[in-house]
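Below you'll find the structure, written out as structure tokens, and then a few comments.
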Amino acid sequence: MAIPSQRLIDELRSIVGPSHVLTDPAVTESYAIDWTGRFRGATPAVVRPGSTAEVAAVVRVCAGQGVAIVPQGGNTGLVAGGVPLAGEVVLSLRRLDTIDAASVDVAAGQLTAGAGATIASVAAAARAAGWDYGVDWAARDTATVGGSIATNAGGVRVLRYGDTRAQVLGVEAVLADGSVVSHLGGLLKDNTGYHLPSLVCGSEGTLAVVTGARLALVPRRDERVVSLLGFRHVQQALEACASLRRCLPSLEAAELFFADGVALVREQLALPPPPVVASVYLLVECADHVDPAPALAHAVDSIDVDGAAVAVDPAQRKALWRYREDHTEAINAVGPPHKLDVTLPQDELAAFCSDVRALITSVAPSSQVWLFGQAADGNLHVNVTGVEPGDERIDDAVLQLVVDRGGSISAEHGIGTAKKRWLPLNRSEAELTAMRAIKHALDPQGILNPNVLL
């Protein structure tokens, strides 16, 4: 890829305005490091367009000079998919944060959001219209629509609503030559050829730069209850989760975590002891139009549980959720972690939780292992601290174990740079060839996020 020239920088300034082309290393530094602090790069410029037309013009100019681009949203990714590790220009989409009230279709349960709109702002707009948004996770106040589409983010409510791909009805995107494709009508039935939203979703910015999306909304259910359940071992918790899924249509979240993680969260963030003391925890949330607490209580009475705490009012619910959602912040406070977001078959998950700890300890005896994730969909977040950022022995061992157990090396954060050398573990050569062909067809110069995924 070409090195950006001063002429290019000047052209970019003429497109987006001088104040929106950042070149001071002290300013651009925050755009060139991933959320974990493990991956650090550098960029000659951060460009902050304010419209789809400006994005198209920026891409067109960069394509004309063969300059590589890394699209970036809230920069909350965990696989170094949105940072310029090879000196690319950063295309920050944070200014594309509009959610036009006129775009909210109350009858259809849809809205159109800019790529820079946060997940929290989408949810707020949906709730204001009497609906809700089905995708949610702890980084909701920073993570953006564009980033969630790029990584096909899942979050904590996948078991009820599915991942981001299930919510995306249409996209507006800029292709590698600067042309714009826009299909935001929101028709639920539209069998007119290839479905670009599904292709772009999960492509990590390698096929197009998403500038906006038409999103499906879900019914707003204000009656909620959260329960923290305690167990002696993982299999007991997973059997309880399966039982709850069978008998509770209102179940939205089922989060698995462990006593050592809770202790770390308490230590780092000064939280009080949890109301339940256990080795393994399952945090569940139910939501309905009527109070779901009686149904949850009845369901909990029918399972093998060592302790339970229930919260109905918002403050108490939030307090229980902190024991799970604050894991990421607490782990990061220990040091840059190796974060391995993986999926296991349900019948392998319990054994994997034990085996992966032993495996990591055998490879790096001084390391610490922190596990948490979504029990209902087999998504486990393996976090390892006390290992040098560039030491990939842990990554290699864990990801090989995942594949040996029939799992996926990435559940929802994508492949990025961090996992790309292990992609052949999950994808055949025929699949990789097909992916490369698609990439070449849409981005023949290879300027869109060229150092991730493939």
Side-chain angles (χ1 to χ4, degrees), residues 52 55 71-74 76-77 81-82 93-94 96-100 103-127 129 131-137 139-140 143-175 180-220 377 379 410-415 435 438 442 448-449 453:
T52 296
V55 173
Q72 188 182 100
T76 59
L93 302 169
R94 297 180 196 178
L96 305 182
D97 59 356
T98 302
I99 303 176
D100 189 350
S103 78
V104 180
D105 188 332
V106 176
Q110 301 175 8
L111 62 75
T112 299
T118 65
I119 301 303
S121 66
V122 171
R127 290 172 189 144
W131 292 85
D132 204 349
Y133 188 49
V135 176
D136 185 38
W137 69 96
R140 62 185 68 87
T144 63
V145 167
S148 70
I149 292 174
T151 60
N152 188 31
V156 300
R157 298 205 277 180
V158 166
L159 74 94
R160 189 168 195 176
Y161 301 119
D163 55 19
T164 294
R165 186 178 279 116
Q167 328 299 324
V168 178
L169 300 174
V171 296
E172 182 176 75
V174 176
L175 300 180
V180 177
V181 292
S182 185
H183 207 74
L184 298 173
L187 296 176
L188 295 182
K189 294 184 176 181
D190 183 7
N191 292 327
T192 52
Y194 302 129
H195 193 242
L196 187 59
S198 293
L199 182 62
V200 171
C201 197
S203 67
E204 303 188 48
T206 62
L207 302 181
V209 180
V210 173
T211 58
R214 188 70 172 175
L215 302 173
L217 306 179
V218 300
R220 174 173 169 172
D377 57 34
N379 181 190
S410 178
E412 59 181 0
H413 291 295
I415 296 298
M435 290 182 190
I438 294 170
L442 293 180
L448 296 181
N449 221 5
L453 190 57

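Computed over heavy atoms, backbone and side chain alike; hydrogens, waters and symmetry mates excluded. Heads up: numbering here begins at 1 and tracks the sequence.
When the options Val55, Thr206, Val209, Val174 are evaluated for a side-chain contact (heavy atoms from CB on, under 4.5 Å) with Pro71, the one that passes is Val209. Of the candidates Asp132, Val135, Val218, Tyr161 forms a side-chain contact (heavy atoms from CB on, under 4.5 Å) with just one, namely Val218.
Interatomic distance, CG of Leu207 versus CD1 of Ile438, reported as 7.0 Å (0.5 Å rounding). Between the CG atom of Leu169 and the CG atom of Leu188 there is a distance of 6.0 Å, given to the nearest 0.5 Å. Note: His413 NE2 to Thr76 OG1 = 8.0 Å, rounded to the nearest 0.5 Å. Atoms CG and CZ, on Leu199 and Arg165 in that order, are 9.0 Å from each other to the nearest 0.5 Å. The CD atom of Glu204 sits 14.0 Å away from the CD1 atom of Ile149 when rounded to the nearest 0.5 Å. Separating the OG1 atom in Thr52 from the CG atom in Leu93 is a distance of 9.5 Å, to the nearest 0.5 Å.
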Under the side chain to side chain contact (heavy atoms under 4.5 Å, CB included) rule, what do Ile415 and Leu453 come out as? Steps first, then yes or no, please. CA-CA 5 Å; Ile415 296 298; Leu453 190 57; 3.7 Å; yes

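The shortest non-hydrogen separation linking Ala113 to Val122 is CB-CG2, 4.1 Å. Closest approach of Asn152 to Cys201, counting heavy atoms only: OD1-SG, 3.6 Å. For the pair Glu412 and Asn379, the tightest heavy-atom approach, listed with the atom from each and the gap, is OE2-OD1, 3.6 Å. Scanning all heavy atoms of the two residues, the minimum distance from Thr144 to Gly73 falls at OG1-CA, 3.5 Å. The shortest non-hydrogen separation linking Gly155 to Trp137 is CA-CB, 3.9 Å. Of all the heavy atoms in Leu175 and Ala208, the pair that sits closest is CD2-CB, 3.8 Å.
Considering only heavy atoms from C-beta on, Ile119 comes within 4.5 Å of Ser148 through its side chain. Side chains of Val156 and Arg140 form no contact here, defined as non-hydrogen atoms less than 4.5 Å apart. No side-chain heavy atom of Ile99 sits less than 4.5 Å from a side-chain heavy atom of Val145. Proximity of His183 to Arg214: side-chain heavy atoms (C-beta onward) are nowhere separated by under 4.5 Å. Contact of the Val168 side chain with the Leu215 side chain is registered, since non-hydrogen atoms from C-beta on lie closer than 4.5 Å.
Under the 3.5 Å distance criterion, the side-chain polar atoms of Thr211 are matched with a main-chain donor or acceptor of Glu172. A side-chain donor-acceptor contact under 3.5 Å links Gln72 to the backbone of Gly82. Listed for the Asp136 side chain is no donor-acceptor partner under 3.5 Å among the backbone atoms of Arg157.
Under the 3.5 Å distance criterion, with hydrogens and angles disregarded, a donor-acceptor pair is assigned to the side chains of Thr192 and Asp190.
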